[in-house]
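As structure tokens, the structure follows; a few thoughts come after it.
Atom set for the values below is all heavy atoms of this structure, side chains included, hydrogens, waters and symmetry mates excluded. Just follow the structure's listing: the first ligand is 1, and inside any ligand the first atom is 1.
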Amino acid sequence: MRYPTLFLLANAVLAQPSYDLLLKGAHVIDPKNKISDVRDVAIRDGLIAAVARDIPAKQAGRVVDVSGLFLTPGLIDLHAHVFAGSDGVGLAGGESSIYPDAFALRAGVTTVVDAGSSGRRNFAHFKKTVIDRARTRVLAFLNIGGVGMPGDDKEQNVGDMDARGAAEVAIANRDTIVGIKVAHYRGPDWTPVERGVEAGALANLPVMVDFGEFRPERPFQDLVLKKLRPGDIYTHMFYAPVPMLDEQGRLLPYLFEARKRGVLFDVGHGGAAFEFRQAVPAVRQGFPPDSISTDVHSGSINAGMKDQLNVMSKFLNMGMPLDDVIYLSTWNPARIIHREQLGHLSVGAQADIAVLRLERGRFAFVDSWGAGMEGNQRLSGELTVASGRVVYDLNGRTRDRWDKLGKYQPQGDPSWDGTRGGARPRPLTRSR
Ligand SMILES: [Zn+2]
């Protein structure tokens, strides 16, 4: 009886579609693989299964027409604050962290990197209450301060900046911790930067620095020319106090020197750290960022920053080509945090995908000081897939029409994600 059973099984397998989901006809931008052209993208078992010019529709359980749109790897936001809620002692991550699923997926972001909201004393709590529960992939820079960013004087406590302790927590959590963060320091000395770099060296991880208060005792030029190592990151590159231009409005040469050394420059827009009068000349004169990130928190999300796509749109309207804007929001941030398995659409990669609409019209954008800039292009989120699951679908593209589904059943599978054939609607919840 063995052989006939096997034979039947083989037949059943052959009759199954090869792919769970097929996204057809978008302009695919995949900078790692040097693709910027119309392609179909097929997904199976949560992974990218094929990227090709014409994948037959009959090979997929569900086919979605995304022509006229751009399809990119799921975006990576290198600087976010998502330690929301309480750490059991006080407000975690200050009062401004927000839960990642509340803002990321709808903007095409499938990976956020928390920038130091937690430290070695409360990282475990952060992991349990946010990281392990989010659908958005959350990675983290661990703050050199023991309790991260409570938003008070505890952040200034140099006595609680323990390089060895931070490195130990980072090493024990290599799956999640991608670097060390130094931030918000007001003192005249280099201690936090030095402890951060020491922890980074011990754990073999990059350091991201928010320089806090700019002080003459520790010049910014020394940070990027002497203190940081190749592969370390300065975030908030378009913050007003950063020495950027000379009297004639030309970029200062030390910036290029720092870049040549391998120091990386991240946007980290946030509520106060992005000015057009810094960013526009920098982009025009050949000093673009290495990564486009939000520094999202409950303040910046409602101010000039808004979301990852809005920040990306600013760079588009400053004249940066779309392919470059995508590169700085996908593959390059993945490389910066040494997560080369993310940020691209290679076959076998996690199926993290953003489908974006490039709107044309009259728009305007706002910086951290309330200045405006007009533009004629804006990116918006249309469809987001995370590890093969549809997690955001603005126009119901993955859904069957309501009048094609037959009789509503009073049961259903609430986890149904729209990727399988034989579609089942979401359960009809009866009012109780
Ligand atoms: Zn920040």
Side-chain angles (χ1 to χ4, degrees), residues 75-85 87 91-100 102-104 107 109 111-119 122-123 126 130-131 136 138-145 147-152 154-156 161 166 177-186 192-193 196 206-214 220 223 228 232-242 264-275 278-279 289-308 310-311 329 333 336-337 367-369:
L75 306 178
I76 300 173
D77 183 354
L78 196 68
H79 185 153
H81 292 286
V82 298
F83 191 2
D87 69 357
L91 282 167
E95 49 194 300
S96 59
S97 270
I98 41 185
Y99 287 103
F103 67 88
V109 175
T111 300
V112 297
V113 188
D114 183 89
S117 307
S118 76
N122 52 9
F123 174 77
F126 178 30
V130 177
I131 296 174
T136 312
V138 181
L139 303 172
F141 287 94
L142 186 75
N143 204 303
I144 190 63
V147 291
M149 292 181 176
D152 56 22
K154 289 196 201 84
E155 285 187 58
Q156 306 300 317
M161 296 179 187
I177 294 178
V178 297
I180 304 291
K181 179 81 187 286
V182 175
H184 299 171
Y185 191 55
R186 296 195 294 263
V193 170
V207 174
M208 177 188 268
V209 173
D210 159 334
F211 207 34
E213 192 178 317
F214 281 56
F220 179 78
L223 176 73
L228 295 184
D232 287 342
I233 307 138
Y234 171 68
T235 188
H236 304 316
M237 68 183 289
F238 300 125
Y239 185 40
V242 172
L264 301 163
F265 290 82
D266 172 55
V267 172
H269 187 304
F274 185 92
E275 285 205 62
Q278 299 272 67
D290 292 294
S291 49
I292 297 176
S293 70
T294 61
D295 188 10
V296 59
H297 51 70
S298 61
S300 64
I301 201 168
N302 293 312
M305 190 287 289
K306 297 183 177 71
D307 63 15
Q308 177 78 22
N310 190 59
V311 180
S329 309
I336 290 171
I337 54 171
D367 75 6
S368 301
W369 285 77

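- There is no side-chain donor-acceptor pair under 3.5 Å between T235 and D210.
- No close placement of the F211 and Y234 rings is indicated, their centers lying 6.0 Å or farther apart.
- Between S300 and D295, the side chains place no donor N or O within less than 3.5 Å of an acceptor N or O (distance only, hydrogens not considered).
- Using cut-offs of 30° and 60° on the angle between ring planes, the pair H81 and H297 is tilted.
- Each of F265, F214, F220 was scored for a ring-ring contact (aromatic ring centres under 6.0 Å, His included) with Y239, with one residue passing: F214.
- Any protein N/O/S atom under 2.8 Å from the Zn ion (ligand 1) was counted, giving 3 altogether.
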- Message: Determine whether S293 and D77 satisfy the following criterion, side-chain contact (heavy atoms from CB on, under 4.5 Å), listing intermediate values before the conclusion.
- Response: CA-CA 5 Å; S293 70; D77 183 354; 3.4 Å; yes

